[in-house]
Each structure stands twice: as C-alpha cells, then as structure tokens.
Amino acid sequence: MKRLVIVSNRVMPVTSKKVMVGGLAAGVLAALRESGGVWFGWSGNVSESPAAEPVLTSQGRISYLTCDLNARDYDQYYNGFANQNLWPLFHYRLDLTNFERDWYESYRRVNQDMAHKLLPYLTGDDLIWVHDYHMIPFGEELRHMGVADPIGFFVHTPFPPADLLITLPCHENLFRSLLSYDLVGFQTANDLRNFHDYISRETGGTVDPDGTVHAHGRIMQSGVFPIGIDTEDFVALGETHEAQRQAQRLAQSLIGRDLIVGVDRTDYSKGLLTRLRAFELLLETYPIDRSRVHLLQVTPPSREAVPEYARMERELDALSGHINGRFAEFDWVPIRYIHRAYNRRELAGFFRVSRVGLVTPSRDGMNLVAKEYVAAQDPDNPGVLVLSRFAGAARQMDRALVVNPFDVYAISEAIQEALEMPLDERKGRWSEMLEDLRREDIDHWRESFVSKLVAVNRKQAAGAAGAAGAAGALRAVGGGKKRAG
Ligand code: F6P
C-alpha cells in the first residue's frame, strides 16, 4: 500500500482563488481527490529569499507541500527554459524557441533544489509521480539522492518528432534524464512513437514491442495514458444552481441567437488568431443571417512575462476589434472577447447554452476543455464540438467535427455545419462521446498509470514477491520523517 506523491511545477490547492482552465492542475487535483496523497511543487509565488523548507497545508486527504521561487529562477527556469524553450519546442514552434545556457542551468538547479526539499518528506514507501516539461530531471535528482521508490513521469504536452527535439542544444543531457524513471507516459500513440524514434536514433538504445526501453544501461517502460476529466463531476457542475443561473443570464442576452463558445488560455498553441479569422470568414459567407450568431471567446491571461504571449495578446485585441468594427450593428456585436478567467461552474453554464464549442489548437497534448464541453451539455439539446485534429483529444473524440486548425475555410465550414446540424445527429454524436468520457475518465487515467508503475517496479524488484504492494492500492497520506498530512 503506497502513498501517492505528485510532483508538478504548479500546485493548485482546492482552496486556491486562482481559476483553472482545463490542464494539468485540474487533472491532478481530480486524481488526488479520489486517492488522497501529497502534491508537491511551486506555490506560484516569487519571493526574495524562499524558505529552505516547503510550506505544508492539508485539506481532507490531500497534503500540499509548496515552495516559492526566487526572482532569478522565476525568470530563467520558468519564463526562460520551460516557457521559451521547451513549451514552443514541444508544440512544434521552433521559430519561437530561444536557448540560453543560463536558463538551462537554472532549470537543472531548480529541479535539484526541489528534489532536496521533497526528500525529507518521503517515507520510503511512496509512489512518486512527476508531471510535465518543467520537471524532466526531477526523478534523476531523486535517484542521485538514493530514492528507490517507483518514480513515474507523465508528459502532458505533445512530444514532437526527433528531428525537432535534436535542435535543442542540451537535448542529450535533458532527455537522458527521462531514463531514470520506471515509467514514462504520453497522451497519444503519436507522442510515444516520437519518443521511441528519439531513443533509437539518438541514444543507440532499443525499444521492445511492449514499450520497454533499453538505453544507456537502463531499462524502463513507456506507454500511452490519455488524461480524462472527472466526467460525473463536470456533468453535475452543468446542473448546479450557479451554472444554470449563468446559463440563463447568458441565454437572455442572446435574444434567440446561436452561441459559439471558445475557452482557452492566452497561448499561441491554441490557434486563436486563425479561429477568429475563420469566424470572420463565416460572417462573410454565412448564408442565412450573419447577425444570428455570437462568438463568446473567453481567454484568461497566461505567462504574461514571456514576450511572445504579450505580443499575441495585442494581436488578439486588434483582430477581435477589427472584426467587431467591420460587422457589428448598433444592436449586435459578433464577438464577445473576454480576457479574464471564469470558474468551472460558470464555464459549464456557458458551454451548456452554446450551439457550438470551438477547440482548435494548432497543437495540444490533450485539451481538457474539449472534454469538459461535451460533459456539460444539455442531453435534450446538446451543442456540437468542433475539434482540431492536432489536439490529443481528437484521437478519442472522433464524433466531434474534426478540423485542420490551419485551414480557415475548413473551420468556418465546420461551424456552419454545426449550426445547421439536426437535433438527432447532435444527440447521437454527443451521447457516444459522453459514453467514452465516462469510461476513460480521470480515475481510469490515474489507475492505469499507477497500476502500470507499480507493476513495472515490481518486475524490476526481481522476484521480491509482494514487495511493491497491490496494483492501484494507495494509502491516503502516510508518515515520513516529516509527516505530510
Ligand atoms: O498543461 C500544460 C501547462 O503548462 C501545465 O503544466 C500548467 O498547469 C498549465 O499549462 C498552465 O500554465 P502555467 O502553469 O505556466 O500557468
């Protein structure tokens, strides 16, 4: 019976005032809510001289251990290497990558410091699950410190082809760290294939048909574990009083018009500019009456200290202003563009009122908004999801209208098709997708990754029967030298 210890760059306690839009934090929190455990990482705060020990807080069966970053590491590790190197690289945007040796040193240093900070809280009977591109070397650092517990890693973003990965000057040093994990998980088969290609081309290693990787004298496992959502929770959210109240308010303001909705962090990977251009094209060509629709685009600010994000924000402001100026009537504005966050209940209400949900990233690991959109629909009158083929979610949600997010004509036609789709077809598509979301939900994701990690570790413990404990069996919060929770 092992305790689950989750490590990620950002920790988002249940009590946080920050509003989440899809993504890692929502997934991790939902996973921990079910199993209990510890969540360790950055508090989101920058301080002059961060404390040597993490701050421990608990709520229910979840303990949070958080550390601040100093200003230099915030710039170099988070804004620098993580978000100006790895993020664009992993989203196939070589044109936006920017490598600085200092940034990489800071990235390694933060991972090492964080591993040191977690160490005293480990019990020796934990199952450690590290998440995302910020923390690639974390497992290797723990191994250097003698931690023998099972350690797994999950890549939430896409994992690009080897030809792109090798443009990163430190790629050998960085990706070698992945071999310290017992198990590395990816969102899609495509991402896994890219990892295997990299292993065989760049490390001289080999990969067995079952995903076992042999490289640099290490043997580890790899696999596909598409992240889900807490489907029942989101279905229920759509029916809460708050969701219904917001839905009603929004519906009244539409005066019978159809709503198209998009909810994305401000990020160049989300395909927002192309989406707005597609909507502009729709207004030019819409056959019935263009003032019959509204686009509600909710785009909370993100990573504003990174120049590319600030530039994109300005472009979005300009383009939405241009489209509104071009098409608005004195009693109708085509785009309601909102640059702030809403809570999940409010979003569920918006999704429920809409006829079309737009999720058109140029590249996305999974995209949980696509799943939340489907879960929030009214069974008697469901909306239609228009989904990018380059979102991981498209591999599972083929009953959406799947589009090429670089093709404004295709997006515009898909919106039109969605607006005109008969109720029976909408219901059919929606119920099939909801069934899949129920089957492959967040619990399924956690259980399949964790049980695989336990099994791999057990196999490696070579015959130490029962030593790794029962697959999937997790103890809520156990004791360590410093007891967390
Ligand atoms: O899903 C990718 C991701 O980078 C997560 O790791 C993160 O929680 C989310 O996007 C939001 O980004 P940030 O933590 O940089 O605000």
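This is a predicted model, so every value here is computed, not measured. First listed ligand is number 1; within each ligand, the first listed atom is number 1. By convention here, the first residue in the shown sequence is residue 1.
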Item to complete: Check ligand 1 against R10 and write out every atom of the ligand that is under 4.0 Å from a heavy-atom position of the residue.
Response: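 Counting atoms of ligand 1 from 1, those under 4.0 Å from R10 are 13 (P), 14 (O), 16 (O).
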
Worksheet item: Hey, which atoms in ligand 1 end up nearer than 4.0 Å to a heavy atom of Y133?
Response: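 Under 4.0 Å from Y133, ligand 1 has these atoms: 4 (O).
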
Angle between ring planes, [X] versus [Y], binned at 30° and 60°: parallel, tilted or perpendicular?
| X | Y | value |
| --- | --- | --- |
| F40 | F138 | tilted |
| Y74 | W42 | tilted |
| W129 | F154 | perpendicular |
| Y133 | F90 | perpendicular |

Item to complete: Check side chain to side chain donor-acceptor pair (under 3.5 Å) between R108 and all other residues, then give those that pass, not counting sequence neighbours.
Response: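 Per chain and number, R108 pairs via side chain to side chain donor-acceptor pair (under 3.5 Å) with Y104, E140, N173, S177.
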
Fill in: Sub-3.5 Å N/O-N/O distance, Y78 and ligand 1
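N/O-N/O distance under 3.5 Å: yes.
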
Practice prompt. Using the side-chain contact (heavy atoms from CB on, under 4.5 Å) rule, pick out the option among R399, R429, M397, E432 that qualifies with V374.
Written response: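 Filter result, single survivor: M397.
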
Discussion item. Between ligand 1 and D132, can you find any atom pair, the residue atom being a heavy atom, that is separated by under 4.0 Å?
Written reply: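 Checking ligand 1 against D132, which is what was asked, there is a heavy-atom contact under 4.0 Å.
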
Worksheet item: Heavy atom of R265 under 4.0 Å from ligand 1?
Response: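 Yes, R265 has a heavy atom closer than 4.0 Å to ligand 1.
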
Fill in: ligand 1-proximal atoms of H131, by part, heavy-atom distance under 4.0 Å
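For H131, there is no contact with ligand 1 at all, from either part.
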
Worksheet entry | Shortest reach to atom 3 (C) of ligand 1 by a heavy atom, considering only H156, R303, H134, M135 |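 Shortest heavy-atom distance from atom 3 (C) of ligand 1: R303.
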
